[in-house]
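The model shown is predicted, which means the values in this text are computed figures rather than measured ones.
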Amino acid sequence: MAEVLVYVDHTDGAVRKPTLELLTLARRLGDPVAVHLGGGADTAAPTLAEYGAVKVLAADAPEFADYLVVPKVDALRAAVEAVSPAAVLLPSSTEGKEIAARLALRIGSGIITDAVDLEAGDSGPVATQSVFAASFTTRSRVSKGVPVITVKPNSAAPETAPAAGEVEQLAVTFGEAATGTRVVSRTPRESTGRPELTEAAIVVSGGRGVNGAENFSVIEDLADALGAAVGASRAAVDAGWYPHTHQVGQTGKTVSPQLYVAAGISGAIQHRAGMQTSKTIVAVNKDSEAPIFDLVDYGVVGDLFQVVPQLTEEVKARKG
């Protein structure tokens, strides 16, 4: 069976959930081969093997941490040459998409970004995408070279399928461009204890109807009760009520959780483009004509300051 390269997104060997989803999808196409760059390969290998990696190609060098994405592109190109894979899969993060684009150019291949599903086809992997502000769903495949595909988080439920996962060293030669841009400092992101927005299974977002930064605690309380991430509409972010890093929409982050709760969000097309692929959508808005209600699975017409706290208390009561 053909092998499929999966780029491992990790922090010092702690494998992030999108990688487990990629391994699950890769098994539909062939035998997953994980590519682990940086330290912690021995720590990551058991997890990668548990989710189906038949082997782990590992490379560790200062370049991966000290410089921007080009060293990782060099490494993935080396992996492609070593394996001759049926496809290369990467997470649809900002970094993942830049690596994918550079890799596709390097190896003369086509690229598909932001896939929400993958399946095997007679002429290569077929990717499903949600396009044009989620107004259309397309199915497409790469017609030239080794398909390079990025996949949105939460596109598949991670499923275990234990495999060998033997670690093999990957020989990488870095080009001149690899050291062109150095990372000079890092500032750890302040932890909120909540899941990462783009990876969360549940997202609770607030919009213009929250009516002030001081009122976002209503949104945060529900998110914490559900174990969810907190999002915000562009209107709320532009008003300075919540940080831009939490913006969901066409000019913010794209999310695809199992459950998306929109409170006080009217549902402008720009916001819908960032959350429309959510599996179940619930909206709370006092305007019964708000466009968001055209999209939702469940809608509540009411004041969010009455509805959301009641929902929070009910969730807490049912949990314990």
Assess whether atom [atom1] of [X] is packed by more than 12 heavy atoms of other residues, nucleotides or ligands within 6.0 Å.
X	atom1	result
R27	CZ	yes
E289	CD	no
R139	CZ	no
E166	CD	no
E176	CD	no
R194	CZ	yes

Minimum-distance pair of heavy atoms, taken over all atoms of [X] and [Y]:
X	Y	answer
A79	L57	CB-CD1, 4.1 Å
H244	V237	CA-CG1, 3.6 Å
P91	L22	N-CD1, 3.5 Å
V296	A283	CG1-CB, 3.4 Å
G274	V248	O-CG1, 3.7 Å
A229	A200	CB-CB, 3.6 Å

* **Ring centre gap for F293 and Y298 strictly below 6.0 Å** =>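 Centroid distance F293-Y298: not below 6.0 Å, so no.
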Side-chain donor-acceptor pair under 3.5 Å between [X] and [Y], yes or no?
X	Y	answer
T94	E98	no
Y260	S205	yes
K279	N154	no

Any donor and acceptor pair, going by atom type alone, linking the side chain of [X] with main-chain N or O of [Y] inside 3.5 Å?
X	Y	result
T312	V308	yes
D74	F174	no
Q310	Q306	yes
D12	G40	no
H246	A232	no

* Asked: Is the closest side-chain heavy-atom distance between L76 and Y7 below 4.5 Å?
  -> yes
* **Contact check, side chains of V183 and L68, non-hydrogen atoms, under 4.5 Å** =>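 Yes; the side chains approach each other to less than 4.5 Å.
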* **K144 and S109: CA distance, side-chain angles, deciding distance, side chain to side chain contact (heavy atoms under 4.5 Å, CB included) verdict** => CA-CA 5 Å; K144 179 182 179 182; S109 294; over 6 Å; no
Does a salt bridge link [X] with [Y], judged by any charged N lying under 4.0 Å from a carboxylate O?
X	Y	result
D31	K55	no
K72	E95	yes
R16	E21	no
K316	D221	no
K286	D303	no
D114	K97	yes

* Asked: Under the side chain to side chain contact (heavy atoms under 4.5 Å, CB included) criterion, do L259 and V203 qualify, and how do the steps go?
  -> CA-CA 6 Å; L259 172 63; V203 174; over 6 Å; no
* Hey, which of L295, T254, I265 is the one that makes side-chain contact (heavy atoms from CB on, under 4.5 Å) with M275? -> L295
* Test log, rule side chain to side chain contact (heavy atoms under 4.5 Å, CB included), inputs I111 and I149 -> CA-CA 6 Å; I111 181 174; I149 303 172; over 6 Å; no
* To do: In sequence, state the C-alpha distance, the side-chain angles, and the governing distance for T280 and Q258, and then conclude on side chain to side chain contact (heavy atoms under 4.5 Å, CB included).
  => CA-CA 6 Å; T280 301; Q258 296 297 314; over 6 Å; no
* **Separation of R272 CZ from I292 CD1 (nearest 0.5 Å)** =>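 It is 6.5 Å, given to the nearest 0.5 Å.
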